[in-house]
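Any value given below was found using the heavy atoms of this structure, including those in side chains, with hydrogens, waters and symmetry copies removed. Because the structure is predicted, anything quoted here is derived from the model rather than measured.
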2 protein chains.
Amino acid sequence: MKEKSTSFDIAFRAGVSQSTVSRALRNSPLVNEATREKIQAIAKELNYKVDKNASSLRSQHSDTIALLLFEDPTNDDSAINPFFLSMLGSITRACSNRGYDLLVSFQQASEDWHADYEDSNKADGLILLGYGDYLSYEEKLLKLLDQETHFVRWGAEVKNLPLISVGCDNFQGGKEVADHIINQGRKQIAFLGTASSHAPEFFDRYKGYCHALESHGLIVNDRIQFNALYTEDAGYKAACELIASGEKFDAIFAACDLIAVGALRALQEHNITIPEQVSLVGFDDIAIASFTFPSLTTVKQDTQLAGELLVETLLTMIQGDEAKTTLIAPELVIRKSCGS
Amino acid sequence: MKEKSTSFDIAFRAGVSQSTVSRALRNSPLVNEATREKIQAIAKELNYKVDKNASSLRSQHSDTIALLLFEDPTNDDSAINPFFLSMLGSITRACSNRGYDLLVSFQQASEDWHADYEDSNKADGLILLGYGDYLSYEEKLLKLLDQETHFVRWGAEVKNLPLISVGCDNFQGGKEVADHIINQGRKQIAFLGTASSHAPEFFDRYKGYCHALESHGLIVNDRIQFNALYTEDAGYKAACELIASGEKFDAIFAACDLIAVGALRALQEHNITIPEQVSLVGFDDIAIASFTFPSLTTVKQDTQLAGELLVETLLTMIQGDEAKTTLIAPELVIRKSCGS
DNA sequence: TAATAAAATGTAAGCTCTTACAATGATTTT
DNA sequence: AAAATCATTGTAAGAGCTTACATTTTATTA
């Protein structure tokens, strides 16, 4: 690299002190307008940019936030759930709109990700993203809390921890799905996902589904509930198990679109027609959902809004203000897979 | 935040000088093993992390790279082409495998993105990503070159600029597509994309297509070539124009999958059957491609490899070694949309 | 016109590390 | 036993900025 100029070079050329340069470049009201313009002109001419490291070191904040995306360890490192990719996109935009830089990093929940970004002053705060088996890293969250690290999570609330998060109203979403299916006259609605707090989002969707069933006088049948986590493959397998079980079912509620897509494949391979014989509904509304055949009825989570909110909430915390957990309203998107 | 400990605190507790702490924490061979272990233990106990800003400032490198993703300005800020999202994922992984942090940022080609990241020492180098109308920012690339900034681009080579890039062999990909379609007996193959150097990738695909046509004794017919850039909407519109033109065609080569998906929609709305009446082929192999109905024949670009290569190449340059431009082999993925 | 207030600039400390260089003690060589 | 070598540690100088505080200049008021 060529020799870089420093604020001293600018100061020398402008005939002022270095501190005045520093102030001028940050548009401090303390400096005379003429002086400031002169300094900024010289800076531009020399291609000068304030050194981020020096600046952050001195001021003790980096105007940077770090996004930690937790990957599904069962997933062989290739595809990331498109839903999170979409979140990533909106978070990136939200940051840039606010003049913040964004550090992105993929993590395994099991690894030593906590205690890194903010402690080393790489970032002023963290966003934690991923379908969360928060149980498996509750201990790390506690440490984060203990260190007074600023962070927000995407996802469900965690029982009795005072965590700030932004999430979708999964219970409501699950309820709307089940209501809709029931209103279409289906009675045996299988659930593909997980009814355990290891996947709190799925669990909440499941609870909403149960609630709807019960309020329509239907009973929840365990024998048509099969476990599946996050991936298309898992969905495929769960659906195969469901079919093989011999249990009757006339609808499937998949806990996320990827699972639904896998289930769709399984159903088609078994020549089960959708929506005639079986209704299928997913959750997330990833791009793929509108292209499957038949197109997939699902629940849209507004990722654009979610990204904004996550960043907004985190910045509030960084500023030292009180932030609170927000719930985003889900939106049922009706397509062909449930015989609209 | 709580009071953070510094290397001096560690030094005090360990009864050594601060410089020894600094060495110990970076596993310098200069320090005695017993001393090092003691220091590292204390550091761990105090939750100490080396301050990234101080470290980068002093050493003049940040072990960080910046990814600039150029958005299509015609796109109203919502969706990013899934292909690039996939690249983003693989780049993130490649960085983290090498212990580098990654700064991600979306940019409009028109804006003042150059001269920022490396000049301010935020990053040691840049990766430029996006379907590139490099003409529109040639001037900025020149400035980057002039400033001796380290950067790699994803995409086609640019005429006579000495730019290092990693790209797909688009010519070859276009050729394979056309060869395949022709071998299936189709003769009037429309092209939806752009035959201009404003979108060099598309142009190369087009040239490959032309080459294949000619080598099979077919002539390239301008009247069934319609402009479309990057988006599904553009693909839809271009296909509509094609249909409205009244020209005969029995196949469509779309310059990217999103265009193909748009074209698919247009064809279906006009009750044109695929692949019976018209074969349809795309490019990129985004996730959606395998879910359309019929599933989309396309050309896969290995994003996993591409990410690795981009990072690898950039790091080579950062180390001061000679790096060279690489071309990735395209792979034709045959599905149902061209009547395999 | 002197006293006071306001605006603009300068001085210097310090943010936390890395690293060249100097110093120490232990070990080996002659 | 003195000289030379090696391993380990310490000393101190920045890297380039921000900011509290001091100072100067200019405008305002009595």
**Prompt:** How far apart are the closest heavy atoms of A:E308 and A:N97, and which atoms are they?
**Reply:** OE2-ND2, 4.1 Å

What is the distance, to the nearest angstrom, from the [atom1] atom on [X] to the [atom2] atom on [N]?
X     : N      : atom1 : atom2 : answer
B:D51 : C:dG14 : CG    : P     : 17 Å
B:Q60 : C:dA20 : CD    : P     : 14 Å
A:H61 : C:dT16 : NE2   : C1'   : 16 Å
B:L30 : C:dA23 : CG    : P     : 18 Å
B:R58 : C:dT19 : CZ    : P     : 6 Å
A:L57 : C:dT18 : CG    : C1'   : 13 Å
B:L25 : C:dC17 : CG    : P     : 9 Å
B:D63 : C:dC17 : CG    : C1'   : 14 Å

**Message:** OP1 or OP2 of C:dT18 versus the side-chain N and O atoms of B:S55: is any pair under 4.0 Å?
**Reply:** yes

**Asked** Do any side-chain nitrogens or oxygens of B:T6 fall under 4.0 Å of OP1 or OP2 in C:dT16?
**Response** no

**Item:** Donor-acceptor under 3.5 Å (A:D124 side chain, A:I65 main chain)
**Value:** no

**Request:** May I ask you to check whether B:E33 and B:T35 show a side-chain donor-acceptor distance below 3.5 Å?
**Result:** no

**Message:** Testing the 3.5 Å rule here: is there a donor-acceptor pair between the side chains of A:Q60 and B:N53?
**Reply:** no

**Message:** With a 3.5 Å cut-off and heavy atoms only, can you find an N or O donor on one side and an acceptor on the other between the side chain of A:S19 and the base of C:dT9?
**Reply:** no

**Complete:** Of A:R23 and B:N32, the one whose closest nucleotide on DNA chain D sits nearer the 5' end is B:N32

**Request:** Take B:S17 and A:Q18, find for each the nucleotide of DNA chain D with the closest heavy atom, and name the residue whose nucleotide sits nearer the 5' end.
**Result:** B:S17

**Prompt:** Can a salt bridge be assigned to the pair A:E118 and B:K4 using a cut-off of 4.0 Å between side-chain N and carboxylate O?
**Reply:** no

**Message:** Using a strict threshold of under 4.0 Å (side-chain N to carboxylate O), is an ion pair present between A:K52 and A:D63?
**Reply:** no

**Asked** With a 4.0 Å cut-off on heavy atoms, is A:T35 in touch with a base, just the backbone sugar-phosphate, or nothing at all?
**Response** sugar-phosphate

**Request:** For B:S7, report the nucleic acid contact type (base, sugar-phosphate, nothing); a contact means any heavy atom under 4.0 Å.
**Result:** sugar-phosphate

**Prompt:** Earliest and latest nucleotide of DNA chain D, 5' to 3', sitting under 4.0 Å from a non-hydrogen atom of chain B?
**Reply:** D:dT8 to D:dG16

**Message:** Between A:L128 and A:F151, is there a side-chain heavy-atom distance shorter than 4.5 Å?
**Reply:** yes

